Amino acid sequence: MTGCVFSGFLRNYTEVWGLCGNLWTPEAFECKKTESSLPKITMLQRCVLRTYHVLALVLCVSAREDFDWTKNEKTSFYYSTFPTGFSWGAGSSAYQTEGAWNIDGKGMSIWDAFTRKKGKIFLNDTGDTSCDGYNKFKEDITLMKDMKLNHYRFSISWPRILPSGLKSEHINEKGIKYYEDLINMLLDNKITPIVILYHWDLPQLLQEKYGGWQNVTMVNYFNDFANLCFERFGHKVKYWMTFNNPWSIAVEGYETGEHAPGMKLKGTGAYKAAHHIIKAHAKVWHTYDMQWRSKQKGMVGISLTADWGEPVDITNQRDIEAAERYIQFYLGWFATPIFNGDYPQVMKDYIGRKSGQQGLGASRLPVFSPQEKSYIKGTCDFLGLGHFTTRYITPKNYPSGLGDSYFTDRDLAELVDPKWPDPGSEWLYSVPWGFRRMLNFVKTQYGNPMVYVTENGVSEKMVCTDLCDDWRMQYFKDYINEMLKAVKDGVNVKGYTAWSLLDNFEWDEGFSERFGLYYVDFSNKNKPRYPKASVQFYKRIISSNGFPNQREVESWKRKAVETCASSNQLLAAARRKSQGNQEKAWPVHDEV
Ligand SMILES: CCCCCCCCCCCCC/C=C/[C@@H](O)[C@H](CO[C@@H]1O[C@H](CO)[C@@H](O)[C@H](O)[C@H]1O)NC(=O)CCCCCCCCCCCCCCCCC
């Protein structure tokens, strides 16, 4: 049987709202996580986790141009269309989608190694086979073509083409051929490839030998890899991005250790990794600029993912400063050096002061030399922006010495509104108006750069096998509408990428969270894809290039739902069949 489990999961709120123990049962979002599908942490632990987010403010923030927090008030739905030529796409990443982890000469990545350690990933899932995108890319391009996507955003696996990580050692031609075939077939189908060079899968040997992004030698190795990609694919690829979401690479990989390579270097690891990543980005941009730009005529950017931070009280200066601090520690950490040449002043002030209080002789935040600053400044032809959710922010003091970390350095608390829908991932609440604010902030702070939205979407828990994903249609409708308002505000947004094309390996959550427009039946070795209703809905946004009028837009959901009922039946039949064929029909964790 397909369908949703409505578990009646009750959300607890703590933080400064003092709502621990309060109950909230969502009405609109039925495909919810069940208690049994969640990692085994107690309610008390959850309360503690959320209570963590409470901290205080000491210094002021200086910004190039102030963002006006009172502007862009939350308005009603805006019926209009995007400028002609606006690019619509969907995204994936190599480790999350390709599978084929040891096929055709691919080397091991840090994620291959990390997922082999017991207890790191929900249910010890791995991306070994994942969606089998390596073998099914032709089928996937047919899906993209059917949706009339203008672009496909994917990443190149570094160890697939350089198994040891080093260009000087061995180039894996079979890996190169895979990406050539993918790119050629996309272009044959008039789908523009937008390529990310690094979506988190560092070659494992570089981690073992040098400590990965803790080591500045990665800058040159990454540049060699990028240079090879420009050489082999650059005559066909015109949109490059160096890194996807360096915040997660740094914080989750080297600070909390929840992601590969799993290092827990609190208060230093993330800053050091980020420092080397920023340098690597700049070097690759210069390589393209010097060696390839005139021949290939492409662009090089970076994809930064950040949540919006809204002051709890927009009339309270301390809340405003805390919210700005949240954003500067998130987006500004990477964007400010790249656009303006150095770290945000507020990061230098806070981390410097706290390092001093710890008795350290220098700030835990590394310093760029004057030469490095001018080398890094301006190394962005366009900004890739990933955005999923929003937090309310208020100041909270974290005295130095009590476990200094990236999180405590910010002196703030993150809060959420219990009314915000959160159908899937714990951290992801649907707050569309935050997207418009984020886009306007980018315009104000960084000189209105060309922006491509590189990831935006919402998940459901794996217990949900309902392909009629009403909540995802609502999320896309509202977020894309806020992006449309931002375009009207004058933000230079040129394209949008729905995250993700397929359900895929969701990092430490394994396969338990599904972001896909297409459902993937991971329990079937053929990894069949089934369209969720949101495919039909997104198709209509694309074919109308926005939201032409109320009457039409209001019919879209109804029409989309008409088609998903038959997809549900197909999936149910296929699963019944596989149940008949297998002794253990369902993975233990995939009960419906
Ligand atoms: C002293 C204070 C200590 C506070 C410690 C709290 C730690 C909070 C950590 C906040 C985590 C937020 C993580 C969000 C990350 C996303 O921005 C990031 C986006 O990247 C893209 O995401 C896609 C979907 O995830 C992904 O498929 C794609 O590849 C990627 O490019 N996503 C990720 O990095 C994925 C992993 C996120 C895992 C986060 C687990 C955090 C669990 C904390 C849950 C509690 C949150 C409750 C919120 C209440 C706030 C008041």
Side-chain angles (χ1 to χ4, degrees), residues 11-17 19 38-39 41 45-55 91-97 111 121-122 127 153-155 196 198-201 241 243-253 255-256 258-260 266-267 270 303-309 312 326 329-331 384-394 396-399 402-418 420 422 424-429 431 454-459 497-516:
R11 183 163 276 286
N12 282 259
Y13 286 87
T14 63
E15 300 101 8
V16 293
W17 304 104
L19 287 176
L38 291 167
I41 58 171
Q45 282 169 314
R46 257 174 240 169
C47 283
V48 171
L49 225 185
R50 286 169 188 161
T51 313
Y52 270 148
H53 295 247
V54 189
L55 311 169
S92 73
S93 83
Y95 186 76
Q96 290 180 278
T97 311
W111 275 93
I121 310 295
F122 189 66
R153 182 222 113 145
F154 64 94
S155 75
I196 305 240
Y198 188 90
H199 197 130
W200 308 0
D201 45 356
M241 279 176 279
F243 291 89
N244 173 73
N245 193 354
W247 184 91
S248 284
I249 303 169
V251 173
E252 292 168 315
E255 171 95 20
T256 67
E258 278 161 359
H259 283 186
K266 276 198 172 167
S303 172
L304 304 179
T305 301
D307 302 338
W308 178 245
V312 166
Y326 174 80
F329 266 78
Y330 213 143
L331 181 71
L385 185 72
H387 175 75
F388 291 87
T389 193
T390 283
R391 298 279 186 265
Y392 279 120
I393 305 295
T394 196
K396 168 74 185 178
N397 187 25
Y398 256 77
L402 298 172
D404 298 274
S405 74
Y406 164 84
F407 292 102
T408 57
D409 282 340
R410 304 174 305 172
D411 273 357
L412 54 83
E414 297 178 34
L415 314 167
V416 294
D417 183 338
W420 290 344
D422 71 325
S425 310
E426 283 290 294
W427 53 273
L428 206 174
Y429 295 78
V431 195
T454 40
E455 43 186 20
N456 173 247
V458 69
S459 59
T497 313
W499 186 264
S500 48
L501 179 70
L502 307 174
D503 290 339
N504 57 38
F505 179 82
E506 181 48 32
W507 308 114
D508 54 316
E509 298 296 339
F511 295 103
S512 69
E513 291 175 9
R514 296 174 173 273
F515 277 85

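These numbers come from a predicted model, not from an experiment. Each ligand, and each atom within it, is numbered from 1 in the order the structure gives. The residues of the chain are indexed from 1 along the displayed sequence.
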Legend entry - Ring-ring centroid check His199 Trp507, cutoff 6.0 Å: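 His199 vs Trp507: aromatic centres under 6.0 Å.
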
Considering both backbone and side-chain atoms of [X], is one of its nitrogen or oxygen atoms within less than 3.5 Å of a nitrogen or oxygen in ligand 1?
X	answer
Asn504	no
Glu426	no
Asp307	no
Trp499	yes
Trp200	no
Tyr429	no
Asn245	yes

Which atoms of ligand 1 are found less than 4.0 Å from any heavy atom of [X]?
X	value
Glu506	24 (C), 25 (O), 26 (C), 27 (O), 35 (C)
Glu414	51 (C)
Thr305	17 (O), 19 (C)
Tyr330	17 (O)
Gln96	26 (C), 27 (O), 28 (C), 29 (O)
Ser248	18 (C), 33 (C), 34 (O)

Inset, instruction - Check each heavy atom of Asn244 against ligand 1 and say whether those closer than 4.0 Å belong to the side chain, the backbone, both or neither. - result: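 Side chain only; the backbone of Asn244 stays clear of ligand 1.
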
Legend entry - Side chain, backbone, both or neither: the part of Glu509 lying under 4.0 Å from ligand 1 by heavy atom: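 It is neither; nothing of Glu509 touches ligand 1.
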
Legend entry - Heavy-atom nearest neighbour of atom 13 (C) of ligand 1 within options Glu455, Glu252, Arg391: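 The nearest heavy atom belongs to Glu252.
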
Legend entry - Heavy-atom nearest neighbour of atom 16 (C) of ligand 1 within options Phe505, Phe515, Tyr95, Trp427: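 Nearest option to atom 16 (C) of ligand 1, by heavy atoms: Trp427.
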
For a 4.5 angstrom cut-off between non-hydrogen side-chain atoms, does [X] reach [Y]?
X	Y	result
Asp411	Phe329	no
Arg391	Leu415	no
Ser425	Phe515	yes
Asn244	Arg153	yes

Find the distance between [atom1] ([X]) and [atom2] ([Y]) and round it off to the nearest 0.5 Å.
X	Y	atom1	atom2	value
Phe407	Thr256	CZ	OG1	6.5 Å
Glu455	Leu385	CD	CG	9.0 Å
Leu304	Asn245	CG	CG	8.0 Å
Arg514	Ser500	CZ	OG	10.5 Å
Trp499	Thr305	CH2	OG1	9.0 Å
Asp307	Trp247	CG	CH2	7.5 Å

Is there a heavy atom in [X] that sits closer than 4.0 Å to ligand 1?
X	value
Tyr392	no
His199	yes
Glu513	no

Legend entry - Glu506 and Ser459: side chain donor to acceptor below 3.5 Å: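 Short answer, no.
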
